[in-house]
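What follows is a single structure, and I will ask about it in a moment.
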Number of protein chains: 2
Amino acid sequence: MADRRTVILEAAARLIARRGVRGLRVEELAAEAAVSTGLIYYHFKDRSGILRATLEFISDRAGRYTADQVAEAAPAEPRSVLEETLLLEFQETEMVRENSTAWGELRASAMFDDTLRAGLEDATRVWNGEIAELIAAVLPAVPGDPAYASAQRLTALVEGLSGRWLSGGITVEAARDLMLDAVDVELARLAR
Amino acid sequence: MADRRTVILEAAARLIARRGVRGLRVEELAAEAAVSTGLIYYHFKDRSGILRATLEFISDRAGRYTADQVAEAAPAEPRSVLEETLLLEFQETEMVRENSTAWGELRASAMFDDTLRAGLEDATRVWNGEIAELIAAVLPAVPGDPAYASAQRLTALVEGLSGRWLSGGITVEAARDLMLDAVDVELARLAR
DNA sequence: AAAAACAAACTGAAGTTTCAGTCACGTTAG
DNA sequence: CTAACGTGACTGAAACTTCAGTTTGTTTTT
């Protein structure tokens, strides 16, 4: 098993997904990680330190699983790579749900906690960049700027749709359909 | 001045926008509304009752200010009515920022609080319906279903972009530009 | 028209619970 | 040996909720 620090972070991600940042109790985190509260303060300065570290942990993990799954798949046309990558965020698996929920929570928390903003922005920029590159792979003729704008819209839409999915407003399937159409719409526009 | 119950709700919206749902303290709410803590429990059963009532209050108010501002404006082409309506959510005014922030907070909270979901879904459905109608006004030939799907994408995008705006990721101007292009993209697709 | 009864709105301090953070004291690996 | 790792009971402040009682306004009685 991973070292205790990692165990704590995994537990934090799980708990944030289940109860939200607002509902994260240090004592409960200790129980979930099967660890003492003292150890948590040994590894992380304070509650907000836990959150910051968890954000980093989650975005690392998200980056890893998207990269993995895309690499795993048979070499496909650029377009379906783009679609698959965006759709990875809409799956009924524990890890995706966990990551998405926690991500949404941290995004929401960042509105009131400056210390979270920097990390969130970096992660968002990286994500936008990845999507922009995938778009460029589909339409090499398109200059970078419009592609990046499309990427911003698509990733923002992922977040918006995730919010609705996770708060019970729509099903994963509906979210996937809406997302696919959005890709279609954006590419058609860029191709013009 | 409005009755005390309303005063409390206005104060709650202000405070949620300033400190977040998690940061809402009943005592602070009492102070902000210039009211005793007891009165809050007199009008709302408990803390979560405050949140539920505030959600309702906010979505009513949002409905009102969009309707008002659109009605106020000189009769315009349907297309710009649609654009204006969506852009109303991206303004650097106190009330819009307040509504958007509080809305985002409540959406996030709904992921973990079932009692908030119903209200949120209703409000979302109404909003989608309004946008779908505006789309139909621009393109009367388009059947309702695709128009509603476009509306869903556009409102989800509003939420996604709002999240980024309010957590400092992008400026209002950037959000507005991205939004306008999204309208363009969606309409172009529907017109096909 | 004055008094009495009643109800709704409201107060603020006290009771209770919850929770982040600490500390004195083990345990283990190098 | 010792430094890093780890424990869990404890603390104090802060927060939610309750409640006994006051004020204000309305209705009924005499």
Side-chain angles (χ1 to χ4, degrees), chain A residues 1-58 102 105-106 108-116 119, chain B residues 1-57 102 105-106 108-116:
Chain A
M1 201 199 241
D3 63 277
R4 310 273 257 180
R5 198 188 124 97
T6 307
V7 169
I8 294 172
L9 290 174
E10 285 167 351
R14 227 173 307 138
L15 226 43
I16 287 177
R18 202 180 310 146
R19 302 228 191 292
V21 166
R22 299 161 187 72
L24 181 71
R25 308 277 169 262
V26 177
E27 216 164 317
E28 201 180 358
L29 173 56
E32 176 81 19
V35 133
S36 67
T37 60
L39 187 61
I40 291 173
Y41 287 94
Y42 175 78
H43 283 298
F44 312 96
K45 186 178 171 304
D46 54 17
R47 191 175 181 281
S48 122
I50 300 168
L51 298 181
R52 236 171 304 137
T54 305
L55 169 61
E56 196 178 349
F57 177 74
I58 288 171
E105 272 294 287
L106 291 165
S109 303
M111 294 182 196
F112 310 99
D113 182 348
D114 292 342
T115 67
L116 288 176
Chain B
M1 201 204 244
D3 63 89
R4 310 270 258 175
R5 197 189 123 98
T6 307
V7 169
I8 294 172
L9 290 174
E10 285 167 350
R14 231 173 302 137
L15 275 181
I16 287 176
R18 202 181 308 146
R19 300 227 192 291
V21 166
R22 184 175 204 270
L24 180 71
R25 309 275 170 256
V26 177
E27 215 163 320
E28 200 180 359
L29 173 56
E32 176 82 17
V35 134
S36 67
T37 60
L39 186 62
I40 291 171
Y41 286 90
Y42 175 78
H43 283 300
F44 313 96
K45 188 179 170 304
D46 53 17
R47 192 175 181 284
S48 115
I50 300 169
L51 297 181
R52 236 172 304 137
T54 306
L55 168 63
E56 195 179 351
F57 177 74
E105 271 293 290
L106 291 165
S109 302
M111 294 182 198
F112 312 99
D113 182 348
D114 292 342
T115 66
L116 288 176

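Please read these numbers as outputs of a predicted model, since none were measured by experiment. A, B, ... follow the sequence lines: proteins, then strands. Residue 1 opens every chain.
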- Spacing of CG belonging to B/Leu15 relative to OG1 belonging to B/Thr54, to within rounding of 0.5 Å: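 Between atom CG of B/Leu15 and atom OG1 of B/Thr54 there are 10.0 Å.
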- May I ask you to verify if any side-chain N or O of B/His43 is less than 4.0 angstrom from the OP1 or OP2 atom of C/dA8?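 The answer is no; no side-chain N or O of B/His43 sits under 4.0 Å from OP1 or OP2.
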- Message: Quick check for you: name the first and last nucleotides of DNA chain D, 5' to 3', having an atom under 4.0 Å from a heavy atom of chain B.
- Response: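 Answer, 5' to 3': D/dA15 to D/dT18.
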- Task: With sequence neighbours excluded, tell me which residues meet side chain to side chain contact (heavy atoms under 4.5 Å, CB included) with B/Ala33.
- Result: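 Scan of B/Ala33 (side chain to side chain contact (heavy atoms under 4.5 Å, CB included), adjacent residues dropped) gives B/Val7, B/Ile8, B/Ala11, B/Val35.
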- Gap between atoms CZ and P, on B/Phe44 and C/dA9 respectively (whole Å):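 Taking atom P of C/dA9 as the reference, CZ of B/Phe44 is at 12 Å.
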- Message: Quick check for you: to the nearest 0.5 Å, what is the distance between B/Ser109 atom OG and B/Arg22 atom CZ?
- Response: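 That separation rounds to 11.5 Å.
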- Message: Listing request: all salt bridge (charged side-chain N to carboxylate O under 4.0 Å, His left out) pairs with a residue in residues 41-57 of chain B, at least two apart in sequence or in separate chains.
- Response: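 For residues 41-57 of chain B, and leaving out neighbouring residues, there are no salt bridge (charged side-chain N to carboxylate O under 4.0 Å, His left out) pairs at all.
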- Item | Summary of protein contacts for nucleotides 13-30 of chain C, nucleotide by nucleotide, where a base hit scores B, a sugar-phosphate-only hit scores S (4.0 Å, heavy atoms) | B-----SSBB--------
- Residues forming a side chain to side chain donor-acceptor pair (under 3.5 Å) with B/Arg14, sequence neighbours excluded: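 Here the qualifying residues are B/Glu32.
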- Item | Partners passing side chain to side chain contact (heavy atoms under 4.5 Å, CB included) against B/Phe112 (at least two apart in sequence or in another chain) |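 With sequence neighbours excluded, B/Phe112 shows a side chain to side chain contact (heavy atoms under 4.5 Å, CB included) to A/Thr101, A/Glu105, given in chain and number order.
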- Could you grab the distance from atom CG of B/Leu29 to atom CD of B/Glu27, nearest 0.5 Å is fine?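 With rounding to 0.5 Å, CG (B/Leu29) is 10.5 Å from CD (B/Glu27).
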- Does a side-chain heavy-atom distance below 4.5 Å link B/Phe44 with B/Leu51?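 Not touching, per the 4.5 Å side-chain cut-off.
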